[in-house]
Structures are given as C-alpha cells and as structure tokens.
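Comments concern the structure below.
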Amino acid sequence: MNDDTTTTSVATDDQLIETDPGMGGLSEREESTPVTESTVIESRHLNVWYNDTQAIRDVSMEIPENQVTAMIGPSGCGKSTFLRCINRMNDLIDAARVEGELLFNGKDVYDEDVDPVALRRRIGMVFQQPNPFPKSIYDNVAYGLRVQDRTDNLDERVERALKRAALWDEVSDQLDESGLELSGGQQQRLCIARAIAADPEVILMDEPASALDPVATSKIEDLIDDLSEEYTVVIVTHNMQQAARISDKTAVFLTGGELVEFGNTNEIFENPESDRVEDYITGKFG
Amino acid sequence: MNDDTTTTSVATDDQLIETDPGMGGLSEREESTPVTESTVIESRHLNVWYNDTQAIRDVSMEIPENQVTAMIGPSGCGKSTFLRCINRMNDLIDAARVEGELLFNGKDVYDEDVDPVALRRRIGMVFQQPNPFPKSIYDNVAYGLRVQDRTDNLDERVERALKRAALWDEVSDQLDESGLELSGGQQQRLCIARAIAADPEVILMDEPASALDPVATSKIEDLIDDLSEEYTVVIVTHNMQQAARISDKTAVFLTGGELVEFGNTNEIFENPESDRVEDYITGKFG
Amino acid sequence: TGEDNPDNSFGPGGSGGAEGEGLVGNISLAGSSTVFPIASAVAEEFQRKHAGVDITVQSTGSGGGFANFFCKGRTDFNNASRSIAEEEKRNCSENGVEWHKINVATDALTVIVNNETDFVDHLTVEELRSIWKPDPVETWSEVRDGFPDETIERYGAAETSGTFDYFTEAVVGEEGAHTQAYQATEDDNQIVTGVSGSQYAIGYFGFAFYQGNTDRVKALGIDNGDGPVKPSLETAQSGEYAPLSRPLFTYAAQDSMTKKHIAEFARFYVRQSANRELIAESIGYVPNTDEQMREQLDQLNQFIQQA
Amino acid sequence: MTAAESAESRDTEFGSVSQVKGVAFEYLTLAASLVGIVALAVLLGYVSADALGVGPAEPAWFLVFLLTLVVPAIGFVWYAARTPGVADVLERLVVRVIGGAELAVALVVLFIVSDVQFWFLLYTVGVVPAAALVLYGRVADDPRVEFPVPLVVLVVGLLAGYLLKGPVDTFPIDVLIALWMLGVPVASYFGLRWRARAGTVAGVLVGLGILAGATAAGFGLAAVSGLGPEAGFVVALTPGVLVASYAAEVALDEPVGRRGLLFPVVLLVGALLGQAVVTALGLAGPEPWLDAQFLTSAPSRFAEQAGLYPAIIGSVFIISLVAVFSFVFGVGCAVYLEEYAPQSGYGGMATNVVQVNIANLAGVPSVVYGLLGLGIFVNLIGLGFGIVLVAAMTLSLLILPIVIISSQEAIRSVPDSQRQAAYGMGATRWQTVKSVVIPEAVPGILTGSILALGRAIGETAPLIIIGLPTTVFNAPTGLFGKGSAMPMTIYGWAFLPDEAFREGVLAAGVVTLMVILLSINSVAIYVRNNYQRGS
Amino acid sequence: MSAEPADLTGGTEARSLRERLVHAAFLLCAIVSVLTTVGIVGALLVDAVGFFTNYSLGRFLGGTNWSPGIHPVSFGVLPLVFGTIVVTITSAAVALPIGVLTAIYLSEYASDRVRTYLKPALEILAGVPTIVYGILALVYLTPFLKATLFPSISTFNVLSASLMVGIMIVPMVASISEDAMNAVPDSLRQAGYGLGATKFEVSTGIVVPAAISGIVSSFILALSRAIGETMIVVVAAGSNARLPSVRYDELLGLSIPYVHPADVFLEPAQPMTSAMVQLASSDITGGSLGYNALFAIGITLFVITLAMNVVSELIVRRYREEYQ
Ligand SMILES: Nc1ncnc2c1ncn2[C@@H]1O[C@H](COP(=O)(O)OP(=O)(O)OP(=O)(O)O)[C@@H](O)[C@H]1O
Ligand SMILES: Nc1ncnc2c1ncn2[C@@H]1O[C@H](COP(=O)(O)OP(=O)(O)OP(=O)(O)O)[C@@H](O)[C@H]1O
Ligand SMILES: [Mg+2]
Ligand SMILES: [Mg+2]
Ligand SMILES: O=P([O-])([O-])[O-]
C-alpha cells in the first residue's frame, strides 16, 4: 500500500526529539516538554475491524511518557477506536477484532495472559460525555479505589484526586451530594478526578471537552496541561486549535483508519509533511 | 421592533418583478422564469408560537405561481414552521399557535370555514426523510387518490405520476413490491410521485435531498426544475448552492424567525441587501 | 333465559340421535355444596335419558342459593342442607316465588377419633357439647372421669358450611355457638389426616366421607339419652342416630313445575332419593326408604297439580 | 530507548483480578433465570405423566416409540434447523396447523353454541348484499355506493334478518348452510388466488375442488368421529385447506423447502410403525386419562366417564366473545388515546387521568373484577347468574387494560413520519388511522391481545364470584345460556374426595387447559417474531 | 393574483359525518375504561357501606378474630391480612431475588440468541393460569415437600402456595427490572469498565443501583400482584383465618413468647382473596352482614393495590426523569 510508507516513516522516527522552543507558535506547553522521552505505549501494525469494515489500518506509533499526545482526524477515521484498543475497551464490542501488536510498557496487551480488568486499572479513561455515576461525589471518586480494594486512606486519596482535578474548592462541602447535580464542566472534572484517583499511569481522553462550553473547556485544558506532569495523557479531539494548544505530540488519522502523520505538535501544525494533512488542518475538508 | 423594517420592506415590494436574465450567474433556471407572476400564497404579518417560544416573527411574503421558491436560513430559524403553516400541518402540533393571515389563492387558510383536509389535498408535501408507506409502490402512489375517492383511471394516474417523478423506468415492473425496498433516492422520488399523483397546485418540500447522496440529490434537483413548469414549488433547504441552483425566488430567514430578505434568487445571492444575509451566505455563521 | 336450540346436532354432548321421551328445555339447580353430589348425580342420570334437556348445577351454598338465585326466581331448584330460614321465606314471597320442600336424602354427621384411641367408644350429647361449645374444656379428663389428662385436638368443618351450622345447632343447640379452638377446613381429607395423626384428636364430618375411610378413623357412638348409637345407614334411616342425622332437601319452585320437563325431573329426583346404589354406595349419604319416597312423590305430584 | 528497554524498569505483570466471584455470579444469574422455568417444567411433566397415565406402560413400549417416532422426528427437526428453507417451511406448516385448528375449534363452537339458522339469515340478508355493494363500488367506481350506503344496507339487512327469524321457518340443512357461509367464501378466496397463479381454469377447478373435497372429507370425518357432518366440513375446510394450499404452493415453488413437507409423513409412518411393533410384541402402553372420551363427554361422578366437553366449548365460546369485546374496546380506546385524545390543556389533563386510570385497572386483582361483574352485570343490570355473556363481559373488562396498554405501545411505535405523510396527502384523521396507523400496528396489537386472551382463558376467581357453574352437561346455547369454563370444572374436581379425580381426571383437565393456552400463545409469539415492523 | 378564490370549505358532508362518527366511537371505547373504574368503585361501595354502617371500621381493621359464622360473629380482618402478608412476603422472598438476578442475566450477560429464547419462556411462566399453579401446589408440590423436607406439613399450607405465587411473579419482576437496567446509559458501564471494574462489579455496583427505582417499582407491582392472587391460595393454602399461634419458651424463669416458623409456613392460612371466594360460595345468607363482608374485604384489597400501583407509578416517573 502506498500510504504505508508515510505511516512507517512516522513509526521509525527518532525516539529522542529535541523540541525547539522557538518554533512553538501554536503550542503553549513549550516549557514543560521534557527533553528525553521513554515510550509507554507502542502499537505495531495494528489493524482493527468491526465485522467486515476496517476501522484502523496498519497503525504503528509510539506514545511517550508524561506527555500529552493528541489524535486528530475527521469523523469516523478511527481515533476513538485506537484509543479504546489501548485499554481493551473494544473487548466489550462483540463485533470488534484486533490484529497486530499493542504494547504497554513492552507487554502486548492482547496477550492471552493479560487480564483486561487489571490493565484498565493502570490506564484511566475519560469520555466525551461526562458520565458520573448516580452516586455521591465522594463515591464517584472512590469507586475505582474500592473496586481495586485499595480503601486505606480513602478520604485522603479522594481529596487529593479532587484537588488534582481542580474541583476540590468547588465541591469540598458537598461531597455527599449526587455527582449528577454538578454542572457539565464540573461533571467532566469529576470524571477526571475519578480516573486519576486510582493512580493510573496513562489517562485516555476521548474528546473530553467537546460537550462543554468555552469556559469549562479552558479549565479542562489547563487541567490536562497540569496532569501531564505526572501522567501520560492520550487525547482525542476534533478541535484542531485545542490539539495545538495542549499537546506535545500529534497523530493525524485520515478516513479509512490510516495514521498519516505523527510527530511533534508544532511541526505537524506548522509544517506538515503530507498535503492531505495540510488540507485537513487548513480546513479544506473534514 | 427594529428588524421589522427589513421584513416589511420586503413585503411591500412590487408584485410584478421583472427578472433580469443577465444577472443570473448562479441560477440555472433563467430560461424558464416567466415574466409576470401571479401570487398563489401570501402571508401577512404571520406569527407562530410553540407554547411561549416564537418561531415565526411577523413574516409577510408572496409566493409566485409556477416558480420555485427556496427558503434558507440557519437551523431553527423557522423555515419548516413556515412551510408547515401553509398546509396547516402545524394543526397537528398541540403547542403551535398561529396569528396573522396566510392566504392561499386569496383565501385565508386559517379561516374558520377552511377544512385543513381539503386544503392539504390541494397542497402536496414532501419531507426531509423519505417516508414511503410500507405498502406496494402502486399503493403508495395511489394513496392520495384513494383517500380523495378519485379512483377512476387509477392505473393511468399512477403511471403518469411515476413518470412525472422520473421513477417509472426504474420501477414499472415492480409496482407490487414494497416501497421500502427502494433506495433512498428512489424512495424520495416515490414520495414526490405520491405527492403529485393527486394533482396539487402547490408542492411543499422540506429539505427533500438532505438525506440523499450527491447522485440522488442531483436527480431530485432536476426533477424539481421540471415540476415548476406545472406546479408552484416551495422548498426549504440547508444547502445554499442548492437554493441558488434550483430556485427562482429565495427567502432568507434568520434566527428568531424573521424573514430578513426575499427576492429573486440571483439578486439575493449576488447582491444581498442586508449585511446579515451576506454574512450568512458567505458562511460567516450558521 | 337462553334460546332453546333443539336443532343442535353438532357436538357429541348434544342431542345426537336418541331423543328419549322428547323432553326439551333447561333446568337449573343451585345451592348446598353438601347436596351438590346428589344433585349432579341425579342430573347426570336424567341427562342420560333425556338428552334434549339441559341441566346446570351450581354449588353455591344453601344460603347463597336462596338469596341470589332461588328467591329471585333465577333457578328451578335450590338444594339445601337445612330448612329454609325465615328471612329467606320472606325474601321468596316478596318476589312471588312459591316453593315446595323435598327430602332427598339424609346425612349422618359422624364424630371420629383415631383408630388407636381406645379410651373412648361413645360420647353423650352433653359430653360432645362440652368439647365443642364456645368456651370448651381443654383436656379429655375434663370430658369424663377416667379419660386421660391430654389436650384435645379438634378438627371440624369451616364455619361457612352447612355442616358446621347443623353440627353446632344439634350439639350446642344454638346458632353459631361453636368453639373457635379448632382446625377448620373445607377439605374432609384434612380432617381424616389430622385425626389419624393423633390419639387425642377428635373431628366430625359427613357420613359419606367416613364410609370411604373406615380403615383410618373410628366413628364414635352418640348417646342421646337412649344409649349409644353408632352411625350407619340403618340407624340414620330409622332416626335412631340422633341428633346428628340431618335431612337434606331440595326446594322446587312452583312456577317451574308448569313445565313438563322440570316436573318430570322433580319426580325423577324424588324417585332417585331411594336409590341405594346411587345415594349410598356411589355418594355415601343415607337414602330414603321406599315408603318415605312414595310419600314424597305424592306430595310432589300434588304440588305439581297445583302449579 | 525502545519500548522493550523502558519496560525493564517497569512492572509488566498486570496480574489478574480474581474472576471467580464474577463467574460464580454469572452462573448464579443464569440459574436464577432458569429455576422457575425448570420447576414449572418438572411439575408439568408430572401432571402430563398422570394425565397420560404412563404408570402401567412397560419401559419397552416407550423404547419402541422413542426409536420409531421421537428419534426420527427430532432428527428431522435437527436436519431442518440446519437447512434454511426447510426450517421455514416446517415452522410455517406447524403454525398453520395450530392456527387452523384453533380457527376450526372456534368455528365449530360457533356452530354448536349458536343458532346456525339465525346466522344464516343475518349473513344472507345483511352481510352478502353489503359486501357485494362494496365490491361493486370498487370495481365499477360508482359514486352512488359511497361510504354510508353499504353501512346502511348492512344495518338494514341485519335488522331484516333479525325480524325474519320469526316468520321464516324453512331452512336449508346445516351442511348446506355451512357450505354457503364458509365453503363459498373460502373456495372463492383460494380459487382467485390460484387463478392469479395459474389461470382461470385452474382457479375454477381449485374452487370447485375445495368445495367437493371439503364436503367429502366432512362426511368422511363425520362417519369416523361421530361429529356432525358440518363439524367435519369445518375442520376439513379451515386447517385442511389452509395447510393443503400452503403445501401445494411450497411443493411447486420451493424445491428445497418442499422437503419440510415430509415431516408429517415421518410422524405418521413412525406412529404406525411403533403401533405395529408394540401390538406385535404385546407391550402394554399407557392408559391415558386424557383421551378422546375425556374431550368429548360431559362431567360425571364416575372418574372413567368424566369429561371436559361442555367446559371446553364454554371456554372457547367465552373466549371468542372476550376476544371480540376486548379487541373492539381495547383497540378503540388505544386509538383514541394515541390519535385523538387532546394532549394539552384541560383535555390533556383528562387524557392523563384516563391513562393513569388504565394503568391502575391493570393492577386490580381479578377477584375484584368478579365483584364488579356480580354487582353491575348480575345485580344492577340483571343479565342473569352463571351465564356465558356475563362471564365474557367480566373477563373482557379484566383484560381490557392489558389490551389497551399493549395496543398503545404498538400504535406508538408507528413512526410519526408515516402519519405526517398521510396527513400531508390530505387524508383525514380516520383515513390516516385506518390505512396507515392500524395496518402498521396490527402485529403488535395482535400479539398483546392474544397474550391477554391467554390470561382470560385461565381466569377462575372472577368466574366463581359471578357464579358460573362448575358442572354443566351440555355446551352453552347462546349468549344467555348457562355454561361452564375449563378452569371452573377443573376447580370443582380439585376438591372431590375420589383419588381418581385428583390424580387422573384433574391432571387431564390441567393438561388440556395448558395445551390450549400454549397453542394460543405460540401463535402470538409467532406473529410477533414474523410480522414485527421492518421485516 | 389567481383568478378563482379558493374553495376550501371542506369535503362532502359524508366525510365530516364519518369523521365525527368515528371519533365518537373511539371516544366511547375510551369511556369504557373509565366506566369500569366507576363500576368497580360503585359495586364495592354500595355493599361495603352497608357493612360498615353495621360494623365499625375500627373493629374491622383492628379486630384479631375473623369468624363470619361462629357466634358472636366477628369480622376482624387482621387474620386475613396476616394470611395475605405471609403469602406475599414469602413469595417475595422467592421472587424478588430470582427476578432481579434474572433481569441482570438478561440485560448484562445473556447473548441475543439466549435472550430470544429465554424471554418467551419467562412469558409462559407468567401466562400459566393461577388455578394450574394452585393444583400443582396442592397435588404435586405439597406431597413432595411432605415426603422430603417437611413431614409435618399440612395438606393446605402457606409454603407451597407461596412458592407457587413466587414462581408466578418472577417474570413480572424480571421484565420490569430488565427494562430499568436497559435504560441505564451505556456510558455508565463504560465508565465502570474504564476504571478497571469487572463485569460483576459493573452489574452489581453500577447498573443495579442506577436502575434501583425501576427495580423497586417492579417489586411493588409484583407484591401487589401477590396480594391480589386468588386461585393459588384458594386451592393450596386452605381456609383458616388465623393469626399464628404463639409458643412460650421458659428462659430464666420467664416465659418468652415466640412464633415458630412451622406454625406460620407449614400450616394453612386464609388470605383476603381466599376469604372472598369462600364467602361468595358459602352458606351465608345474601344481604347479611357476613355476605357484605365480602365487599368490605374487596374494597380493602382494592385500596391497597391501588395505593401500591400509584406509588410504583410515581417511582417509575421519577426514574424516567433521571435519564432524560
Ligand atoms: N461499535 C461499532 N460497531 C461497528 N462499527 C463501528 C463501531 N464503532 C465505530 N465503528 C466504525 O468504525 C469507524 C471508526 O469509528 P471511530 O468511532 O473510531 O471514529 P472516530 O474517529 O472516533 O470518529 P468520531 O470523531 O465521529 O468520534 C467508523 O466507520 C465507525 O462507523
Ligand atoms: N413541535 C415543536 N414544539 C416546540 N417547539 C418547536 C417545535 N417544532 C419546532 N420548534 C421550535 O421552533 C423553532 C423553529 O423550528 P423549525 O423546525 O421551524 O426550524 P428550521 O428552520 O426548520 O430548522 P432546521 O433547519 O433545523 O430544520 C425552533 O426553535 C424549534 O426548536
Ligand atoms: Mg470518536
Ligand atoms: Mg426544518
Ligand atoms: O353448602 P352447604 O350449605 O351444604 O354447606
């Protein structure tokens, strides 16, 4: 296949990329970009089908530790599918079938002996629509810890997670109230708090701000920026500006499930290698 | 109200407007535009509410005979509502309330003594989603004639309607099969055939091509062009290019249910009076 | 009610070929559940002979039958395990329903104990009363000196039944004056089971049921002042077995007797009341003697004449 | 640093979260789902064993029939299940047999319980002319026979028929009546169908063939079964023609599917073979309580002679009436609430009240409906005790809320775009309802209504309260006739002292009731699975 | 302007006449359901009022002795209420857990194929006539229990009747609960799995709590059905209107009263419904106090089930709002 060349070339890029602070016109995160990167997640020739339609086509890429990696691309190009492969959420869809390798810390998550439940405990996830449980704020945050039987210092951990998610100040006196009573933006931060309470290594976010108003969105963006100090964040977004603002690396998928380009965010946005990516970024289609 | 001035100015335009064939860069229908127009439908200070929200605000306009009149505007601006007032389909919505006059051939359709059923028999309608009945193709087309007890020469009329809707060649040997088995574009043409079988004077179309692929869309557009030789067509569309291609007159609604501009299509698209309309047409919002 | 439909040759239960004596019409009976087996057996027999006649038998209880059916002129016969009450008479006459009472059999209420109970063979009415009256004795030794000092377990008929009514009146002598300290049941099987389960149990039910269970329980003799009498067809027929033998009736409505098929059915009913095979062996009640039956038949014929 | 290298410093053992609890729980839920079904199946197994009197049968007897009948039948079904066309044919064949048998029973019952001559008059003077007018109007497009005219003709005709009942006293014999009322329409229908397929000659031949064949089969059946020739005629006409016509079409059109038609042959041959073997070996078979005698005789105090016949007829009659009443009023009410009732303002509030009221009626215990029937139909209106009509009216009210609610759901599932399309064409509300909404909703309405009828056929408590007799010896005659119903007769048997009743006759009654009920419900489920929207 | 002024004044007379006739006919059908309620209330009230003018409501509701035949007659409804409650609670103890587990299986675990077979099978369970259940209990289940677990069980007893009522109401609990569980948005399940919860934890910790109001409402409806169930108890539970006998245990010189479960479950009892059937076919004179007691029980039953339906309706309405 022709396009493979592009994809493969991306995968064989250096792991050590020096960031150029001067070039970061679009990226606001220049200061926090680390100099060396170690790979947390690596996909090798990953293919995903839903029944007979292929949603991911031979994708290879490496996601670095403690950085924000954004995935962009037109609707239906397989961004969510890729994300959901990482923590094997696709297992829940009967029709989904995965081929190729997907390594988490060097271990293929689709190996026989991997328990997806255990995997997911190390990879948190935040969804497009805020989806707090119809339980109290406290119980929402404590949920992950409880299912993992890590209930020591529960109060402390809940508090820490809420603080980390920049929600503590707003909800500290209403921890017993239902999570559903918060505003949309607060709910989404609650979901983030819930995801980080159990100390995952990676946080996957599927368009976490697309259902929110601009003010709430900017809070979430700030938060993601913060989180990348401690966590590896992989985020899917429709919003190109957002990807440019918050991510260190960007992966561009195009229709058919191909990864067309992957690299440092500022490079992708300022100087994309492929014309198709340039067309997409400049809004010629999508 | 400030905006009224615009609207009113439209309504007090001459009834006899001379078209300027030379200006029709966008319109492809120049050749068939008649020189004199007689008004079939006229609204005077029409206001429509759904419960307490106003969907149409003081709209006055005149729709000429045997021409295609397009209504465009951003989502929720009341285009469908206006269309559904014409054949009183809004009667079916309990919450809807209409004020002002809406004349059909000079008779206010909201008069006490008007039977909406009789009205609808003279004004056909085609909807956004193709909605054939789960009956045979023949029965679909014959439906209107049957409910009107006009069952003489049924076969002939059905054939004529299907031919008129450019569907006869494709379905003539499967008239007994279910209308649901046709493709989306065929279904929509079937719905048009169904609407014209009963010989209405006016045909209302609410985004008739928005659910179809480009090929089917262009067939429908050709068909509309044809139909305007015999019928008065009022069409709602989201697609500005489509409005420009197929209509003689265009009405631009903007949010809040106001009619901001109404006039010959080529004039509206090339030289809109109002800045807001220009912004809308050039894609600045909507 | 109902259209007569003689031309109804469809079903196998229908008239088919043989039309008997050509009697045709509907007959409806309601009333006592005690008399119900007799009534439906007689109906079944009559039906066999006269396929054109359509009989329905409802078991509604004597009182329900009078109140809801018979005295409203809705049934031709009302079976009753007791005589018609004053209130019911009034009810009937208000509606212009004239009636005639027919004695169709005798039921002997049987007092039973466990087969293994050897300390008691018979009881006097007085002793029986002390066991079943509203504020009864608690142990056998209080019933008669020499009986063991054991608590009595009682099994009897449900208080909404005619058996209960009759037993109470006959033994305690007052309507509804019956102890509440007993296992009440609709199912005679349960009384048998209960009594056969304990040496110190006592129970009562219809003679019919005792006949089928002589191997499991023992019937007590009743001493009404003339020495103990065991229940049997003979002692009940002769009236010796007192006061626990009670006549069973059916009440015939006068208006109905004008119809030939109903009058014929009434006569048939009376004739069957002396049918030992049917009443005694098949159902288990005490049949009328031939003499009693002929007397009943004469009275009935008179009544039919009047109608 | 490659991924593999970085992994060294990390924990790549994900471990596994104990799934034992989860698996145990899954099996627990599965077990819970099955426990009720299994318990019922076991108990019904016992009842069936009693009803069929398997006690005296020798094991070898079962073995013979297992080998000759059960194994081949199961084998055939297994084969059919794996051969797509055949499975379809088999399923449709079975449903037609069941459905046809139900229809036949209903029609036979109609002939038994009612005055056939009266129906004949109504049909001839009322229905036929009205139908002819409608047909003529369609064909000739004559505006003179528009809407009210056929209706008026129908009403006048029915009235005339009713009045004629007195004066007219010579009628054709029942066979001819059945031929005229049933045979002619059925024969014309299938005749027309075959004319469309194979031409006029074939159509006429098929029509005449059906008439002749059904008559012959009717008299034949009558000769062997003891039923009247009309009954045999009805049986031959309904399931017979239904199945035969389907079989003929399959045989001609479906080269693969036609193998499904072998199933009855397999059954028949297996049964005959098995019978021959057990006779030859002299094996003792079961002594069933549930046999032809049980189904065709009246109750009796002798267990061996006792039967359920009048109660079966009573039940079927009552249920037919219930079907009519509850269907008419239930669907009418549902249509009103969904299509006509005001949704806002005071009218909307009233609608809401009615809606809540219906939901509540669905929860009222059935025994309370008995009191309703007793208080209103018996005592207030004075229709009479223990009669079929009162039983039918009471049971109709009982299932009315269920029918309404399920019909509403069916109507609601008709997409609004269909209604819009119809209104947009200038259809009136009634035309929209009649030609768009109801045809679409019919499968859902039917499914719900049939399931509700299943409930009605087993209801006992309200019948006790309104005083339906437990013992009748004849089938009911007419609406005001006294009749019993299966559950009532069974209830009566439950308390008889004779063991033979409790263990044999009672079981036979229960099995009869269950078989009738399940065959009704299976039709409902078939309708639901095969005519759901979008199929 | 168009020359001819539009004539839109409606169709032919026939059309509007037909429309009006049809409308009236449908309205009539709807009125039937209202009349049914009026009929029920009326039929019950007339005779119940007759009863309560002669027997005070307080004595009826508070009385501990039900003896319509034994003089002095007494109509304390508590023994009947006791019978109803015991049967209801016992059957609920069987049906509620089984029903909820079934619902969980259907909504969370079962494959589509299994579901297409299981659901109709459960429907059959709900469709079996209650008289059949009653006979199964009396003729098969009770003797079985007697032969195996409880040699001292009575021919008529609470236990087998309740077990059968339980089996009968399982489908009701299962199907309403399953609806409620299906209404739980999938996003909540996803969130749970995303946090590393197992299927078991998601089903029990997220889906069930989120569907709880629907589940509770299914409980209430099922209980209401059990309360109104008639034929099973008439046939299998006997007709002893009684409160449970109290036993005494000597403990430290005190005699402690207690109720032995065997006295409750292995013995007959008489729920309200079965008392109604008994009265309706009894020897009690029509129009008498005892006969009218039938209607007094009837209206009590009606009020109880009505209240339960209303409560469950309110709960359902609330949970529908939750996920709108
Ligand atoms: N559960 C599913 N079953 C079948 N096909 C699916 C499923 N989920 C997604 N797909 C298909 O897989 C392809 C990729 O979907 P995916 O959701 O990954 O796209 P996406 O890039 O996230 O799009 P969006 O921006 O709209 O969320 C699409 O064609 C979609 O229709
Ligand atoms: N049935 C209804 N009940 C209440 N409000 C309604 C209803 N239908 C439409 N509206 C409201 O009326 C306004 C106009 O709606 P309308 O459907 O006419 O807009 P439109 O221009 O056709 O939009 P679109 O392009 O999305 O079809 C909107 O605000 C809409 O929310
Ligand atoms: Mg996505
Ligand atoms: Mg619109
Ligand atoms: O029904 P009985 O009147 O005999 O109890």
Side-chain angles (χ1 to χ4, degrees), chain D residues 17 19 21-22 25-26 28-30 32-33 35-37 39-40 43 46 146-148 329 332-333 335-337 340 354 357-361 363-368 371-372 375-376 397 400 404 428-430 451 454-455 458 460-461 464-465 487 490-491 494 502 506 510 513-514 517 521 525, chain E residues 14-15 18-19 22-23 25-27 29-30 32-34 36-37 39-40 43-44 46 98 101-102 104-106 109 118 120-122 124-125 127-132 135-136 138-141 167 170 198-200 221 224 228 230-231 235 273 276-277 280-281 295 298 301-302 305-306 309 313:
Chain D
V17 180
Q19 298 282 359
K21 216 174 6 173
F25 182 72
E26 178 171 356
L28 180 67
T29 57
L30 175 61
S33 314
V35 62
I37 298 167
L40 184 73
L43 289 170
Y46 274 104
E146 254 189 15
F147 155 66
F329 286 106
C333 178
V335 169
Y336 181 81
L337 288 175
Y340 285 85
V354 172
N357 174 47
I358 289 168
N360 284 329
L361 278 180
V364 172
S366 61
V367 64
V368 172
L371 292 181
L372 166 73
I376 306 295
L397 291 185
L400 196 57
I404 294 175
T428 63
R429 205 179 271 267
W430 168 231
L451 288 176
R455 165 120 193 250
T460 321
I464 297 176
I465 305 271
I490 293 172
Y491 170 65
R502 281 202 185 207
L506 189 58
V510 167
L513 181 60
M514 285 303 295
L517 181 76
N521 285 358
I525 288 169
Chain E
R15 194 173 76 213
R18 176 166 52 184
E19 288 296 312
V22 167
H23 190 133
F26 284 136
L27 180 61
C29 295
V32 169
S33 78
V34 178
T36 306
T37 312
I40 289 178
L44 291 174
V46 170
I98 292 183
L101 287 173
T102 304
I104 292 177
Y105 183 75
L106 286 175
Y109 288 98
L118 201 52
L122 283 170
I124 288 179
L125 225 49
V128 172
T130 55
I131 176 93
V132 171
I135 288 168
L136 292 179
L138 177 70
V139 183
Y140 298 93
L141 183 58
I167 291 182
V170 161
T198 61
K199 194 156 195 172
F200 167 72
L221 287 180
S224 150
T230 310
M231 288 322 290
V235 174
T273 49
M276 289 170 69
V277 168
S281 50
F295 294 87
L301 200 58
F302 179 73
T305 50
L306 183 71
N309 279 311
E313 177 86 1

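Numbered from 1 within each chain, the chains take letters A, B, ... in sequence-line order.
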If we only count heavy atoms from C-beta on, is the D:L397 to D:F329 side-chain gap below 4.5 Å?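 Contact flag for D:L397/D:F329 side chains = no.
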With side chains defined as the heavy atoms from C-beta onward, is the minimum distance between E:K199 and E:Y109 less than 4.5 Å?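 Answer yes - side chains close enough.
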Looking only at heavy atoms and a cut-off of under 4.5 Å, which of [options] has the most pairs with chain D?
| options | result |
| --- | --- |
| E:T273, E:V132, E:I135, E:L221 | E:I135 |
| E:L118, E:L306, E:I40, E:L141 | E:I40 |
| E:V22, E:T305, E:I98, E:T230 | E:V22 |

Region of [X] in contact with chain D, defined by heavy-atom distances below 4.5 Å:
| X | value |
| --- | --- |
| E:I167 | side chain |
| E:V128 | both |
| E:V34 | both |
| E:L27 | both |
| E:T36 | both |
| E:L106 | neither |

Any idea which heavy atoms bring [X] and [Y] closest together, and the distance?
| X | Y | answer |
| --- | --- | --- |
| E:F200 | D:G22 | CB-CA, 3.7 Å |
| E:Y105 | D:E26 | CD1-O, 4.2 Å |
| E:C29 | D:G332 | CB-C, 3.6 Å |

With a 4.5 angstrom heavy-atom cut-off, which part of [X] approaches chain E: side chain, backbone, both or neither?
| X | result |
| --- | --- |
| D:L517 | side chain |
| D:L361 | side chain |
| D:I37 | both |
| D:A39 | side chain |
| D:L30 | both |
| D:R455 | side chain |

Please indicate whether D:Y46 has more than 12 foreign heavy atoms, meaning atoms of other residues, nucleotides or ligands, lying under 6.0 Å from its OH.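 Not buried by this count: 12 neighbours or fewer within 6.0 Å.
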When only pairs under 4.5 Å are counted, which of [options] shares the most heavy-atom pairs with chain E?
| options | result |
| --- | --- |
| D:P365, D:G454, D:S366, D:G458 | D:P365 |
| D:I376, D:N357, D:V368 | D:N357 |
| D:P487, D:G375, D:S33, D:A32 | D:S33 |

Parallel, tilted or perpendicular, judged at 30° and 60°: which one describes the rings of D:Y336 and E:H23?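 Because their plane-to-plane angle is over 60°, the rings of D:Y336 and E:H23 count as perpendicular.
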Pairwise distance [atom1]([X]) to [atom2]([Y]) - rounded to 0.5 angstrom:
| X | Y | atom1 | atom2 | answer |
| --- | --- | --- | --- | --- |
| D:L337 | D:I404 | CG | CD1 | 7.0 Å |
| D:I358 | D:C333 | CD1 | SG | 4.0 Å |
| D:Y491 | D:I464 | OH | CD1 | 4.0 Å |

Side chain of E:T37, backbone of E:S33: donor and acceptor closer than 3.5 Å?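 Yes.
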